[in-house]
Novice: 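Quick one: the structure is below, and I'll ask about it shortly.
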Protein chains: 2
Amino acid sequence: MKIPDRTVERVILYRRRLRTLHAAGQVRIYSHELAGVEGVTPAQVRRDLMTIGYTGSPAKGYEVAGLIAKIDETLNPHQDEGVVLVGVGRLGKAFLAYFAGQANHLPVVAAFDVDPEKAGRLVHGCRCHGLDELETVLAERSVRVAFLTVPGDAAQEVADRLVRAGIRGLVNLAPIRLRVPPEVYVEYLDITVSLEKVAFFARRDARAAARSS
Amino acid sequence: MKIPDRTVERVILYRRRLRTLHAAGQVRIYSHELAGVEGVTPAQVRRDLMTIGYTGSPAKGYEVAGLIAKIDETLNPHQDEGVVLVGVGRLGKAFLAYFAGQANHLPVVAAFDVDPEKAGRLVHGCRCHGLDELETVLAERSVRVAFLTVPGDAAQEVADRLVRAGIRGLVNLAPIRLRVPPEVYVEYLDITVSLEKVAFFARRDARAAARSS
DNA sequence: GGCATACTGTGAATGTATTCACAGCGTGAT
DNA sequence: ATCACGCTGTGAATACATTCACAGTATGCC
């Protein structure tokens, strides 16, 4: 079963919202309720849930708990997967702090930095290693996802090492496009590009926000 | 002339690359060269340049300097526009440091935080104000773009204030979807969603990276 | 029990983005 | 001066994503 990129993204948003609602005691939900909150159309919600194979009932809608379980099963069929962060500069530290605050099912199991000074230190609860230990630690923990917060001019080099070490997915915060083999998935969070894009559209009578990431 | 979202994003990438090449002395460039670097197809590059109305010549390709000028004129017809950052926590500070390092044409002219302790201080060269001064400063500087790095539970409230104060574009780093009027453009940089998406696609034999933001 | 209601599930229609494929042309080689 | 080459510009084709619109149905009400 192939799930398109856009759908995956929305389903993750649905799950986040559903968890909140579930914690608040809500048992059932209609497509238009979920849609209103996440800024999509009810039809799109129904289509997305159809794509992941979850079925509601007319007159009762979808069961919150069941839907969460279905999403979990679809997106994270295996147990929690560890991720690593490379680049413990200001930005890297900020994200480590951010992740430390969440009981995520994608725990950051290690951090790396070129600066040997940082090796061995704990940063917001996360063990920091020198870059030289990258391959060893990745193999040990069988990590497949990495978070890249190194400066732009180091990003490609680090990405190459990560890919060689078996990484299959990358979140790239550095302001460059990476060359990676096609089986490696890269998600770009390019702050300056986003800012420039917003500056451009801020001038037009923009259509409602839709895009995300 | 309407330029689609995706095209704007790619054009910004082209410009960034072109500036580097221009600085390195390159005078002309072919669509396939630009495409190779940014991970798109040559046809897409040509289509994008057609969309913004730039014309190259067969056998010579596109002029680097001319194309940069055309992109500038298309994306930033007015003089440099100031942006503000709201939320001077760890993440906000990291971005202030990041922006301070760049001679951007979108300078951060002010920062805001709820913590009155921070008011008046300079953070990485940027003046920090209390949230109470938001409306005043925005009006004074006629700022239309804001960078939102507040905690999730404060984001909607701050966004409402920003919109009322005349903001037309937002980069939102908080992990929630914002309700804003349709004329306000929001770009979402949702770190946990990106991470979960990558974790999902890391398992498949992903197609080459394409999406960005 | 029967009926009206308001939802879901989904084929079909529409809209949007990307890619194909080729005519046309300026250039450099001969 | 002519020719062959390899590029651009772009209509047409394809692929992908969203929305429409409605049949089917479980529920709660009378």
Side-chain angles (χ1 to χ4, degrees), chain A residues 1-14 18 26-64 66-67 70-71 182 197 201 204 206-213, chain B residues 1-14 18 26-36 38-64 66-67 70-71 74 182 197 201 204 206-213:
Chain A
M1 172 186 39
K2 188 179 151 296
I3 308 175
D5 191 306
R6 296 289 185 78
T7 297
V8 169
E9 200 169 294
R10 283 191 301 265
V11 166
I12 292 169
L13 294 175
Y14 301 156
L18 287 165
Q26 185 164 345
V27 174
R28 283 190 278 272
I29 193 167
Y30 294 117
S31 63
H32 64 264
E33 300 176 85
L34 204 41
V37 166
E38 300 302 349
V40 298
T41 65
Q44 198 162 40
V45 171
R46 296 202 299 275
R47 176 71 64 187
D48 288 339
L49 300 194
M50 187 179 106
T51 303
I52 66 166
Y54 190 74
T55 285
S57 92
K60 290 207 306 188
Y62 304 95
E63 296 201 9
V64 174
L67 181 47
K70 182 66 178 178
I71 296 174
K197 210 166 81 168
F201 284 112
R204 343 224 109 205
R207 40 284 147 67
R211 288 288 323 298
S212 61
S213 86
Chain B
M1 173 188 37
K2 186 180 154 295
I3 308 176
D5 190 307
R6 295 289 185 78
T7 297
V8 169
E9 198 169 295
R10 283 191 300 266
V11 165
I12 292 169
L13 293 175
Y14 302 155
L18 287 166
Q26 185 165 344
V27 175
R28 283 190 278 273
I29 192 167
Y30 295 117
S31 63
H32 65 264
E33 300 177 84
L34 204 42
E38 300 302 349
V40 298
T41 66
Q44 199 162 40
V45 171
R46 296 202 299 276
R47 176 72 63 187
D48 288 339
L49 300 194
M50 189 179 105
T51 303
I52 65 167
Y54 190 74
T55 284
S57 93
K60 290 205 306 186
Y62 303 95
E63 296 201 11
V64 174
L67 181 47
K70 182 66 178 179
I71 296 175
T74 306
K197 209 166 81 167
F201 284 112
R204 341 224 111 206
R207 41 283 149 67
R211 289 289 322 298
S212 59
S213 84

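A, B, ... follow the sequence lines: proteins, then strands. Residue 1 opens every chain.
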Novice: May I have the distance from H32(B) (atom NE2) to dT19(C) (atom P), rounded to whole angstrom?
Specialist: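 Atom-to-atom, H32(B) to dT19(C), this comes out as 17 Å.
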
Novice: For L49(B), does its backbone N or O pair with a side-chain atom of Y14(B) as donor and acceptor, under 3.5 Å?
Specialist: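 Judged by distance alone, no pair lies under 3.5 Å.
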
Novice: Any side-chain N or O of Q44(A) less than 4.0 Å from the OP1 or OP2 oxygen of dT19(D)?
Specialist: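 It does, given that an N or O in the side chain of Q44(A) lies less than 4.0 Å from OP1 or OP2 of dT19(D).
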
Novice: Expressed as a whole number of angstroms, how long is the span from Y30(A):OH to dA6(C):C1'?
Specialist: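 Going from Y30(A) (OH) to dA6(C) (C1'), I get 8 Å.
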
Novice: Using a strict heavy-atom distance below 4.0 Å, which residues from residues 47-55 of chain B are in contact with DNA chain C?
Specialist: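 Within residues 47-55 of chain B, the residues near DNA chain C are R47(B).
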
Novice: Round to the nearest Å and state the distance from D5(B) atom CG to dT18(C) atom C1'.
Specialist: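 Atom-to-atom, D5(B) to dT18(C), this comes out as 15 Å.
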
Novice: Using only side-chain N and O atoms of Y62(A), determine if any of them is under 4.0 Å from OP1 or OP2 of dG9(C).
Specialist: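 Affirmative; the distance criterion is met.
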
Novice: Sort me out a list of protein N/O and nucleotides 21-26 of chain C N/O pairs below 3.5 Å, or just none if empty.
Specialist:
{"residue": "dA21(C)", "atom": "N6", "partner": "R46(B)", "partner atom": "NH2", "Å": "3.2"}

Novice: Send over the distance from I29(A) CD1 to dT8(C) P, rounded to a whole Å.
Specialist: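 About 10 Å, once rounded to whole Å.
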
Novice: At under 4.0 Å between heavy atoms, what does R28(A) touch on the DNA or RNA strands: base, sugar-phosphate, or nothing?
Specialist: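 Nothing, no heavy atom under 4.0 Å.
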
Novice: Keeping Y30(B) on the side-chain end and A59(B) on the backbone end, is there a donor-acceptor pair under 3.5 Å?
Specialist: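 Checked: pair present.
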
Novice: Taking only residues at least two apart or on different chains, which pairs with a member in residues 32-41 of chain A satisfy salt bridge (charged side-chain N to carboxylate O under 4.0 Å, His left out)?
Specialist: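 Applying salt bridge (charged side-chain N to carboxylate O under 4.0 Å, His left out) to every pair that reaches into residues 32-41 of chain A, excluding sequence neighbours, yields R17(A)-E38(A).
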
Novice: Would a distance-only check, ignoring hydrogens and angles, find a side-chain to backbone donor-acceptor pair under 3.5 Å from T51(A) to R47(A)?
Specialist: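 A pair under 3.5 Å: yes.
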
